[in-house]
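In this text the structure is predicted, and so the values were computed from the model without any measurement. Heads up: numbering here begins at 1 and tracks the sequence.
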Amino acid sequence: MEREFQNHEHQLVILDLMLPQIEGREVLRQIQAKGTVPVIIFVGQRQRNR
């Protein structure tokens with residue numbers, strides 16, 4: 001993911017913090033370390049089994 005992000009110029013990133021394989025906050029830190037691209041963050045709420 002990091003390599004793909006670096007190889008393109010982004011105007012906006014939409015980031016889900018509940019990623020399946022990597023902590024979303026870590027992805028956000030990596031994005032912020034690379035520059036000043038705006039990031040819209042959303043969090044999907046997992047549904048509990050009743």
Side-chain angles (χ1 to χ4, degrees):
M1 187 215 109
E2 184 176 343
R3 188 175 78 203
E4 288 184 25
F5 186 81
Q6 290 177 345
N7 290 340
H8 296 88
E9 183 177 328
H10 301 280
Q11 295 180 3
L12 175 69
V13 173
I14 300 173
L15 175 63
D16 183 355
L17 290 183
M18 298 186 76
L19 297 170
Q21 296 182 4
I22 184 171
E23 176 69 36
R25 292 177 197 260
E26 177 59 29
V27 173
L28 179 59
R29 281 191 277 278
Q30 292 176 13
I31 291 170
Q32 291 174 330
K34 304 293 182 210
T36 59
V37 62
V39 179
I40 296 175
I41 299 171
F42 72 95
V43 178
Q45 189 174 18
R46 292 191 176 125
Q47 191 174 35
R48 292 185 196 176
N49 293 335
R50 293 183 182 193

task: Is it possible for you to say whether V43 and I22 belong to one hydrophobic cluster, with membership spreading through side-chain heavy-atom contacts below 4.5 Å?
output: yes

- request: Answer yes or no: does atom CD1 of I14 have more than 12 heavy-atom neighbours from other residues, nucleotides or ligands under 6.0 Å?
  value: no

- prompt: If you round to the nearest 0.5 Å, how far is CZ of R25 from CG of L15?
  reply: 10.5 Å

Non-hydrogen atoms of L12 and V37 that approach each other most closely: N-CG2, 3.7 Å

